[in-house]
Each structure stands twice: as C-alpha cells, then as structure tokens.
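Just so you know, residue 1 is the first one in the sequence shown, and it goes up from there.
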Amino acid sequence: MINFKKLKTFAVFMLTFIVMCVSAPLCIAASDDELDNDTAVQVLSASEFSADAMSEDEAEEYSAAALTYIENYSTNVGEDPDFTQNLDRALDCTREEIPSYATLLALLPPLIAIVLALITKEVYSSLFIGILAGALLYSNFSFSGMLDRLFADGFIASVADSYNIGILFFLIILGAIVALMNKSGGSAAFGRWASTHIKSRAGAQVATICLGILIFVDDYFNCLTVGSVMRPVTDKFKVSRSKLAYLIDATAAPVCIIAPISSWAAAVAGFVSEDQIGGLELFIRAIPYNFYALLTITMMFTLVAMKFEYGPMKKHEENAENGDIFSDAAQKMMNKAEEISDNPNGIVWDLVAPVLVLIIACMLGLIYSGGFFTADADAYHNFVDAFSSADASVGLVIGSFAGLIFSVVYFMLRKTLSFKECMDSIPEGFKAMVPAIMILCCAWTLKTMTDGLGAKILIAEFVRLKASAFLPLLPAVVFLIGVGLSFATGTSWGTFGILIPIVLAIFSGSISDEISIISISACMAGAVCGDHCSPISDTTIMSSAGAQCNHINHVTTQLPYAMTAAAVSFVSYVIAGFVKNVWICLPVGIVLMILTLFIIKLVTSKKTA
C-alpha cells in the first residue's frame with residue numbers, strides 16, 4: 001500500500017532540490033535581458049509602439065523598454081515629467097503580448113484562489129486553480145505558453161528565488177529544533193511549569209501577546225518562535241489553536257510595522273528620497289497614525305480582558321474548553337498534539353535554552369547580514385543601520401542553523417537524547433513543516449502570476465488618477481486600496497512599495513503637510529491589514545505553521561477580528577483627514593475600538609441568551 005505521507009514529503013524534498021539546482025542558471029539567464037531604466041525612458045519618449053512600422057529588433061527593444069519602465073514604476077512616477085504619456089505607451093506595448101495586463105482581469109487569479117479556499121476549505125487545489133487561471137491569462141490561452149508560464153516562470157522561478165529558498169530552509173531548521181524540544185520532553189516540562197506560574201486562560205493569552213510584541217525584529221521569526229514556545233502553555237489552558245494562530249499573526253506584521261528597529265523600517269525607508277526626509281524619520285513620524293497596528297494590539301488585550309469571542313472563533317474556543325483545541329481539523333492533527341514526548345528527563349531548560357540561543361543567534365545573524373561585522377559596509381558597528389538593512393532570509397538561516405547545532409550538542413551533553421535520536425528529529429521536523437512549505441510555494445507562485453498580469457499597476461493608477469481628488473479623504477481611501485491590494489496579492493511590502501511613492505508624488509515629494517504623513521501611514525496600515533486577512537499571505541501561512549493550526553481554520557476565525565479593526569481604522573482615518581492631530585485621533589480611535597467590542601459583546605450575548 002502506498003504511504004502518501006512519505007510520498008508527499010519526498011515530493012517536496014525533490015522539488016526543493018531541483019529548484020536549488022536550476023536557480024543559478026535561471027538567475028544568470030534573467031540578467032542577460034535587463035535594460036537600464038534611463039534607456040527605457042528615452043526609448044518610450046521617442047515614439048509610440050507600432051509593430052507594423054518597426055523592425056523585429058526595434059520591436060523587441062521597445063518591448064524590453066516597456067517592461068523595464070513598468071518595473072520601475074515607483075521611481076518613474078516621481079521623476080519622469082512625461083510619466084503619464086510614457087506609461088500609456090508602455091502599457092499599450094505590453095498589452096500587445098498580454099491583453100489582460102493591468103486590467104480588471106489581473107485581479108481574477110487571486111480572487112479565484114481566495115474564494116475557492118474559503119468555500120471548499122481546501123487550500124492546495126484552490127491555490128493551484130488560481131495559479132492556472134493566471135498562467136492562462138498571461139499566455140492569452142496558448143497551451144504551450146501556459147505550460148511555460150505555469151512551471152518554468154511560475155513554480156520553479158518563484159521557489160528558486162534566493163530569498164524564498166532561505167525562508168524554506170529557516171522553516172525546516174526551526175521544525176527540527178521544535179522536534180528536538182518535543183522529543184527531549186522540554187515542551188511537556190515547560191507546560192507543567194507554566195501551569196504553576198500562569199493561572200488562567202487569560203494569563204496564557206496575555207503571555208502570548210507580550211512575547212509576540214517583544215520579538216519585533218522580524219515577522220517570520222516572530223510567527224514560528226512564539227508558536228513553538230507558547231503551544232504547550234495555551235494547550236494546557238485549553239486555548240484553541242485558532243486563537244493562538246490569531247494572537248501570533250496579530251503580533252507579527254502589526255508589531256513589526258511600528259518597530260523602528262526592524263526589517264520593515266528599512267523597507268519603508270527604501271521607498272523615500274533622502275533629499276526630502278530621512279526614511280527612518282518618516283517611519284517614526286508615521287507610527288502614531290498607524291491605526292490598524294495600534295488598534296489591533298488594543299483589540300487583543302480588550303478581548304482577553306472582556307473574556308469574550310465572536311464569529312467562528314467563538315465556536316473554536318468553546319470546543320477548546322471541551323478538550324478539542326483543533327475543532328474540525330483532521331484527526332491526524334489531534335494525534336500530533338498527543339505525540340509530545342513526556343520524557344522523564346525533560347526539564348524547563350530543555351525548551352528555554354534552545355529558544356534563547358535561537359533568538360540571540362538569529363539577531364546576530366540578522367545584523368551580520370546587514371553588514372554589522374563587515375569593515376567596509378555602511379552599517380559597520382552600527383546596530384540600528386545593520387538591523388535596517390538586514391536580509392531576513394540569510395540572517396534567519398544562519399541564526400537557526402547555529403540554534404540547531406547548539407540544540408543537538410546540548411541534548412547530547414545532558415544525555416536527554418542520543419545522537420541517533422537527534423538526527424531522527426530532523427526529518428520529523430521537516431515533515432511537520434511540509435503543509436506550510438507547500439502552501440508557501442503555491443502562494444509565492446500565485447503572487448508571480450498576479451504581478452505578471454500588472455495587478456499592482458492597475459491599483460496604483462487608480463490611486464494616482466482618482467483617489468487624490470479630495471485630499472481630506474485620501475488617507476481613508478488609500479487605506480482601503482492598500483487593504484484590497486495586499487489581500488489580493490498576499491504581500492504587504494509590495495503593496496506599500498507601490499503606494500508610498502504615489503502618495504509622495506501626489507504631494508510633490510513634500511511631507512510638510514500633516515496629511516501627507518497620515519496618508520503614508522495609511523499605506524502601511526492598509527498593506528498590513530490586507531496581509532493579515534489574506535489566506536495567501538506568507539505571514540498568515542507562517543502563523544498557521546507556528547500554531548500547528550489548520551490554515552483555513554486560522555483564516556476564517558481571524559477574518560472577523562481583522563475586519564473589525566479595519567472598520568474602526570477606516571473611521572479613524574476619515575477623522576484624521578479632517579482633524580490632522582494625532583493627540584486627538586489616536587485616543588478617539590482607541591475609544592472607538594473598545595466601544596465597538598462592547599457593542600459586539602452585547603449583541604452576541606443577546607443572541608445566545
């Protein structure tokens with residue numbers, strides 16, 4: 001009889017291996033066709049595209065110039081005086097080959113995937129159908145073109161990206177460390193210790209929130225580390241895995257986007273011209289206006305204090321109190337929860353020591369990747385700059401690998417585990433991460449399809465041409481657009497990377513007016529909100545993996561909470577657009593958030609009465 005679990009694990013392993021082998025040639029091949037942006041501007045400014053009037057070489061050069069110009073949208077929108085004319089020419093040329101480029105059809109693949117996932121509760125097939133739709137639209141329904149787009153330019157190219165490969169390695173290594181902690185009995189020992197120090201379900205949730213806020217340097221690291229540490233505690237107090245996944249997700253991106261020393265601060269700073277204002281200064285000035293992040297944190301503490309849940313989360317929490325922490329997830333996940341070893345030699349330090357070393361090693365890895373230890377780097381011995389320019393995929397792999405080596409040596413010296421048991425834990429940890437790896441690979445490929453169809457350009461042009469008509473409402477409109485774009489594409493960085501330059505262009509690059517700061521903060525808040533809600537977002541997927549929760553369960557239970565915070569944030573941005581004073585707007589937003597939750601509690605309690 002075929003063992004499908006082993007077959008699935010082997011298939012993912014082989015895909016990863018093949019991708020690593022082909023990634024270098026793909027990257028080299030891609031670099032041969034690059035065209036300088038200045039040259040692209042000159043080519044587009046000189047004439048309109050005409051396939052009949054141009055030679056084959058001229059048409060190819062014009063097509064390459066069009067793609068380069070569109071890829072540099074964020075730069076050109078603020079620097080090219082003939083931007084509208086040149087963008088129209090670039091889009092006309094691109095639509096000769098891809099008719100649906102930057103049209104409403106570009107939003108179809110992610111919408112198909114998301115709607116199918118929510119209806120069928122089956123994420124793999126839903127994502128694949130969305131990817132297939134994107135490949136068909138890109139190739140204009142050509143069979144051979146669809147195959148090339150689906151595999152060579154889709155799955156292989158997406159997973160072959162060096163950043164994505166780094167994240168996959170981080171997932172696998174962290175899975176191995178968690179398996180080691182479980183087998184040593186450290187997780188069970190920590191759960192017993194927590195039951196004597198944390199006295200209630202509320203205490204377990206507050207501890208999870210506080211740990212998530214403390215680990216603010218990177219959202220990926222936050223998701224997996226908080227989940228690994230707090231699972232034994234929340235399981236002990238019968239907190240559902242769906243609620244744990246929500247708490248992890250809500251303290252990942254929403255906390256990182258208001259932390260000046262994080263990889264997110266560097267991402268925002270990179271989209272701002274230093275001639276106008278320092279990127280870090282802009283980021284700090286925007287923090288008080290990031291209503292979604294601040295109100296999400298407020299909402300978590302309020303829900304714990306008021307001791308109530310609503311929407312699908314309420315059912316999951318009721319099930320947890322009755323002993324079913326997974327609700328309607330597959331029975332094999334229930335069995336996995338019972339497999340945590342109760343090794344009699346396990347002590348609390350068998351969990352605490354590996355996690356502490358992991359945190360320290362990952363922080364050192366992050367600043368190493370940012371140039372802290374490199375003598376000729378700009379960030380040499382500059383902690384803040386090194387964190388700001390850190391490469392998470394490199395730093396987290398280095399740190400997690402150091403953590404894995406320490407864990408193996410530590411457990412062998414303590415004689416808790418033998419060398420063979422330590423080595424057996426590595427594939428066990430890999431198998432535990434297979435669902436997250438498969439979803440991530442599909443989500444990255446779907447993002448490639450969406451980007452290739454110009455969905456971001458479609459939304460960006462709407463903001464540039466339509467949304468700026470009435471400035472007081474601009475922050476609220478930008479927030480909604482950010483939510484929609486991030487939800488559809490599953491990426492927050494890509495969303496505010498597109499929207500921030502457009503907002504700066506609307507204000508002619510100046511941030512002297514307070515509403516420009518509010519609008520930029522709305523870009524970031526909307527991007528994080530959409531990312532928080534989206535089932536194809538990498539942080540949403542990582543949160544499910546960290547909590548070892550069914551992914552669709554996490555998405556459906558989290559959505560009402562995220563939408564509540566989004567609705568209050570929208571109202572707060574409407575107020576901020578007219579008032580323009582953070583000392584009024586932020587307290588009003590917090591009061592509105594708490595008041596909204598009180599009203600929801602009253603309404604839901606009447607329905608159940």
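In this structure, Leu168 and Met433 have side chains that are not in contact, with every pair of non-hydrogen atoms separated by 4.5 Å or more. Leu244 has its side chain out of reach of Gln548: every pair of non-hydrogen atoms, C-beta onward, lies at least 4.5 Å apart. Residues Met181 and Val178 are in side-chain contact: their nearest non-hydrogen atoms beyond the backbone lie under 4.5 Å apart. In this structure, Thr489 and Pro110 have side chains that are not in contact, with every pair of non-hydrogen atoms separated by 4.5 Å or more. Here the side chains of Thr557 and Tyr246 are not in contact, with every heavy-atom distance at 4.5 Å or above. Two residues are said to be in side-chain contact when any heavy atoms from C-beta on lie closer than 4.5 Å; Ile297 and Ile258 meet this criterion. In this structure, Ile325 and Val239 have side chains that are not in contact, with every pair of non-hydrogen atoms separated by 4.5 Å or more. Looking at Met313 and Gln558, their side chains never come closer than 4.5 Å, going by heavy atoms from C-beta outward.
Rounded to the nearest 0.5 angstrom, Lys236 NZ and Thr196 OG1 are separated by 9.5 Å. Atom CG of residue Leu214 and atom CG of residue Asn222 lie 10.0 Å apart, to the nearest 0.5 angstrom. The CG atom of Leu303 sits 8.5 Å away from the CD1 atom of Ile209 when rounded to the nearest 0.5 Å. Here the OG1 atom belonging to Thr495 is positioned 4.0 Å from the CG atom belonging to Leu485, to the nearest 0.5 angstrom. Interatomic distance, Cys256 SG to Met524 CE, rounded to the nearest 0.5 Å: 13.5 Å. Residue Ile131 holds its CD1 atom at 9.0 Å from OG1 of Thr450, rounded to the nearest 0.5 Å.
Taking a 6.0 Å sphere around NZ of Lys199, one finds it holds more than 12 heavy atoms contributed by other residues, nucleotides or ligands. Counting heavy atoms of neighbouring residues, nucleotides and ligands inside a 6.0 Å radius, atom NZ of Lys121 exceeds 12 of them.
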Practice task
Let me see the working for Met563 and Cys533 under side chain to side chain contact (heavy atoms under 4.5 Å, CB included), right down to the final yes or no.
Solution key: CA-CA 8 Å; Met563 288 294 94; Cys533 302; 3.3 Å; yes
Practice task
Report the C-alpha distance between Thr208 and Gln205 in whole Å, list the side-chain angles of each, state the deciding distance to 0.1 Å, and finish with yes or no for side chain to side chain donor-acceptor pair (under 3.5 Å).
Solution key: CA-CA 5 Å; Thr208 304; Gln205 293 178 64; over 6 Å; no
Handout entry: side chain to side chain contact (heavy atoms under 4.5 Å, CB included) between Met423 and Val408, worked out
Key = CA-CA 8 Å; Met423 292 301 101; Val408 171; 4.2 Å; yes
Exercise for the section: Evaluate the criterion side chain to side chain contact (heavy atoms under 4.5 Å, CB included) for residue pair Ile367 and Leu364; output intermediate values, then yes/no. Expected result: CA-CA 5 Å; Ile367 62 174; Leu364 289 173; 4.1 Å; yes
Handout entry: Worked verdict on Ile536 versus Phe487 for side chain to side chain contact (heavy atoms under 4.5 Å, CB included)
Key = CA-CA 8 Å; Ile536 60 174; Phe487 182 81; over 6 Å; no
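Closest non-hydrogen pair, Ala204 versus Ile198, comes out as N-CG2, 3.4 Å. For Leu404 against Ala176, the heavy-atom pair with the smallest separation is CD1-CB, 4.1 Å. When all heavy atoms of Asp219 and Ala253 are compared, the closest pair comes out as CB-N, 4.0 Å. Taking each heavy atom of Ser184 and Thr416 in turn, the nearest pair found is O-CG2, 3.4 Å. Leu295 and Ser572 make their closest contact through CD1-OG, 4.1 Å (heavy atoms, listed as atom of the first residue, atom of the second, distance).
Applying the side-chain hydrogen bond (donor to acceptor under 3.5 Å, both in side chains) test to Thr539 and every residue at least two apart in sequence or in another chain returns Asp531, Ser537. Annotation: salt bridge (charged side-chain N to carboxylate O under 4.0 Å, His left out) contacts of Glu428 (sequence neighbours excluded): Lys183. With sequence neighbours excluded, no residue forms a side-chain hydrogen bond (donor to acceptor under 3.5 Å, both in side chains) with Ser521. Every ring pair (Phe, Tyr, Trp, His ring centres under 6.0 Å) that Phe308 has, sequence neighbours left out, goes to Tyr310. For Asn164, there are no side-chain hydrogen bond (donor to acceptor under 3.5 Å, both in side chains) partners two or more places apart in sequence or in a different chain. Not a single ring pair (Phe, Tyr, Trp, His ring centres under 6.0 Å) links Phe170 to another residue, sequence neighbours left out. With sequence neighbours left out, Ser158 forms a side-chain hydrogen bond (donor to acceptor under 3.5 Å, both in side chains) with Thr448.
When atom types are taken as modelled, the side chain of Ser393 and the backbone of Gly166 share no donor-acceptor pair closer than 3.5 angstrom. No donor-acceptor distance shorter than 3.5 angstrom exists from the side chain of Ser486 to the backbone of Val483, with no hydrogens or angles considered. Between the side chain of Asn322 and the backbone N or O of Glu318, at least one donor-acceptor pair lies under 3.5 Å. Between the Ser425 side chain and the Glu421 main chain, a donor and an acceptor come within less than 3.5 Å of each other. A donor-acceptor contact shorter than 3.5 Å links the side chain of Tyr573 to the backbone of Tyr289.
Between Arg241 and the choices Asp324, Asn550, Asp235, Asn553, the side chain to side chain donor-acceptor pair (under 3.5 Å) rule is met once, by Asp235.
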Just distance, no hydrogens or angles: give the donor-acceptor pairs under 3.5 Å from side chains in residues 434-447, sequence neighbours left out.
unit_1: Thr445; atom_1: OG1; unit_2: Cys441; atom_2: O; d: 2.8
unit_1: Lys447; atom_1: NZ; unit_2: Asp451; atom_2: OD2; d: 2.8

List, one per line, each side-chain donor-acceptor pair under 3.5 Å for residues 349-361, sequence neighbours excluded.
unit_1: Asp350; atom_1: OD1; unit_2: Tyr410; atom_2: OH; d: 3.1
unit_1: Asp350; atom_1: OD1; unit_2: Arg414; atom_2: NE; d: 3.0
unit_1: Asp350; atom_1: OD1; unit_2: Arg414; atom_2: NH2; d: 3.4
unit_1: Asp350; atom_1: OD2; unit_2: Ile347; atom_2: N; d: 3.1
unit_1: Asp350; atom_1: OD2; unit_2: Arg414; atom_2: NH2; d: 2.8

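A salt bridge is absent between Glu309 and Lys315: the closest approach of a Lys/Arg side-chain nitrogen to an acidic carboxylate oxygen does not fall below 4.0 angstrom. The existence of a salt bridge linking Glu321 and Arg201 is confirmed by a sub-4.0 Å separation between a basic side-chain nitrogen and an acidic carboxylate oxygen.
Sorted by first and then second residue, the ring pair (Phe, Tyr, Trp, His ring centres under 6.0 Å) pairs with a member in residues 186-211 read Phe190-Trp193, Trp193-His197; sequence neighbours excluded. Counting only residues at least two apart or in different chains, side-chain hydrogen bond (donor to acceptor under 3.5 Å, both in side chains) contacts with residues 292-301 comprise Tyr292-His532. Here side-chain hydrogen bond (donor to acceptor under 3.5 Å, both in side chains) pairs that include residues 394-408, with residues two or more places apart or in two chains, number zero.
Side-chain N/O atoms of His316 and Ser240 include no donor and acceptor closer than 3.5 Å. For the residue pair Asp391 / Tyr163, no side-chain donor-acceptor distance below 3.5 Å is found, with atom types taken as modelled.
Taking the six-membered ring wherever Trp is involved, the centroid distance between the rings of Phe479 and Phe570 does not fall below 6.0 Å.
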